[in-house]
Amino acid sequence: MSILLFTLILLAGAFVAGLLGSLTGLGGGVVLIPLLTLVFDVDIRYAIGSALVASIATSSGSAAAYIKEGITNIRIGMFLEIATTTGAIIGALIAIYTATHIVAIIFGIVLLFSAMMSMRKKNEVAETEEKSLLARRLKLNGSYPSKEGIVEYKVQRVAGGYALMTLAGVISGLLGIGSGALKVLAMDTVMRVPFKVSTTTSNFMIGVTAAASAVVYLQRGYIDPGLAMPVVIGVLGGAFAGSRILVGASTKKLRILFSIVISFLALEMIYNGLMGNL
Amino acid sequence: MKNIIKSFRNDSDVASFVGRLLRTGVFTASAVALLGGIIYLVRHGSEVPDYRIFKGAPDELRHLPGIFKGVWSFSGSAIIQLGVVVLLATPILRIFFSAVAFAIEKDYLYVLITLIVLGIIIFGMLGGLGG
């Protein structure tokens with residue numbers, strides 16, 4: 001296969017990854033890494049570098065729209081970014097000392113977990129009772145516009161959320177994915193931030209977290225231009241097309257189908273990792 | 001810099017500025033990468049890709065001076081890598097402008113928090129972690 005053909009096929013694959021990622025909210029990296037490693041037989045370290053760059057592109061692209069709507073809680077995002085960026089750099093360092101087949105196995109487990117998380121019932125109730133002194137000191141409590149008017153919410157268990165966010169950062173730095181599922185778990189389940197706020201704030205944070213580890217990976221040669229170019233352009237195109245379709249579309253069936261596909265890819269990654277093929 | 005601060009009269013101005021910044025960054029990055037990609041494909045399109053075994057990107061494409069040098073000599077892969085650098089710079093610039101926005105609101109706790117995040121990323125860049 002020539003580089004030209006390889007680039008064109010990868011461009012199409014990245015487009016589909018971006019499309020599915022934006023329709024289901026899981027991000028493009030989740031599909032990109034199995035696609036690159038299992039289908040294109042690319043070393044997982046190159047795949048991680050490309051996926052990180054793709055995560056930054058899609059996060060920045062969609063964050064522009066969300067900030068305008070006033071749902072994103074910038075203070076929660078900024079405060080927790082201390083945790084995720086620290087974690088991301090630790091993750092990028094751990095990656096040096098971790099064999100690639102172990103990385104593949106961890107990736108598979110995180111993928112299975114992400115698929116499960118996307119099926120879970122979301123926390124839509126805003127917590128109104130103030131229980132956390134830290135949340136007040138840090139001015140994390142907020143409000144967002146909804147159809148029924150302004151919804152006020154109080155943030156709980158800040159320390160627990162911070163700890164889980166550090167882990168999300170480590171995973172993101174180690175695997176090259178946005179680890180949006182873990183970020184949403186920290187905000188939505190632990191800190192009781194309403195679903196709409198936690199998903200958009202997670203998206204806001206993904207670009208910054210990914211950039212923190214990407215600066216390390218760029219110096220280490222994980223980001224190869226021949227892969228980065230089709231991946232970034234394909235994923236962005238797919239995400240853009242996805243955001244157009246998303247308006248008014250019912251994504252419930254798609255989400256179920258996508259979760260099944262992802263679980264299958266996850267098992268494939270774990271199997272190949274255990275066999276030492278990746 | 002003063003003009004930028006003056007133009008932020010309230011929160012929504014900052015939000016729309018940051019939104020524009022993000023869009024412009026992503027658009028510029030993909031346009032640069034596409035241009036580099038076309039040059040790269042014209043020159044190397046008929047070669048065989050080799051990503052099966054990890055060797056890492058060429059040394060000169062791992063650092064800014066090398067990338068700029070490559071761009072100067074019109075190397076396709078260096079131009080793609082410049083696009084990647086613009087893309088990486090976009091969220092980092094966003095943090096910087098968030099610090100400016102918090103300073104305008106006189107929210108110094110969050111100026112500090114934002115600068116800590118920026119510091120961690122700069123440490124990642126310059127801390128010699130790239131090995």
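Each chain gets a letter, A, B and so on, in the order the sequences are listed, and its residues count up from 1.
Of the candidates A/T209, A/I56, A/I206, B/P91 forms a side chain to side chain contact (heavy atoms under 4.5 Å, CB included) with just one, namely A/I56.
Contact of the A/I3 side chain with the B/V48 side chain is not registered, since no non-hydrogen atoms from C-beta on lie closer than 4.5 Å. Here the side chains of B/Y51 and A/F40 are not in contact, with every heavy-atom distance at 4.5 Å or above.
The pair A/R75-B/E105 meets the salt-bridge criterion, with a side-chain N (NZ, NE, NH1 or NH2) lying under 4.0 Å from an Asp/Glu carboxylate O. A salt bridge is absent between B/K55 and A/D43: the closest approach of a Lys/Arg side-chain nitrogen to an acidic carboxylate oxygen does not fall below 4.0 angstrom.
Contacts between A/L93 and chain B at a heavy-atom distance below 4.5 Å involve the side chain alone, from C-beta outward. When heavy atoms are compared at a cutoff of 4.5 Å, A/L236 approaches chain B solely by way of its side chain, counted from C-beta outward.
At distances below 3.5 Å, not a single donor-acceptor pair connects side-chain atoms of B/E47 with backbone N or O atoms of A/L4. Remark: side-chain polar atoms of B/Y110 are paired, donor with acceptor, to backbone N or O of A/L138 under 3.5 angstrom.
Note that B/R52 lies outside the cation-pi zone of A/Y46, set by a 6.0 Å cut-off to the ring centre and a 45° limit from the axis.
Shortest non-hydrogen contact noted between A/A57 and B/V26 is O-CG2, 4.0 Å. Nearest approach of A/V215 to B/G124, heavy atoms of both residues: CG2-C, 4.0 Å.
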**Request:** Mind running side-chain contact (heavy atoms from CB on, under 4.5 Å) on A/M78 and B/S98 for me, showing each step along the way?
**Result:** CA-CA 9 Å; A/M78 218 27 106; B/S98 303; 3.5 Å; yes

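Note that CZ of B/R62 and CG of A/D224 are 10.0 Å apart. Values are rounded to the nearest 0.5 Å.
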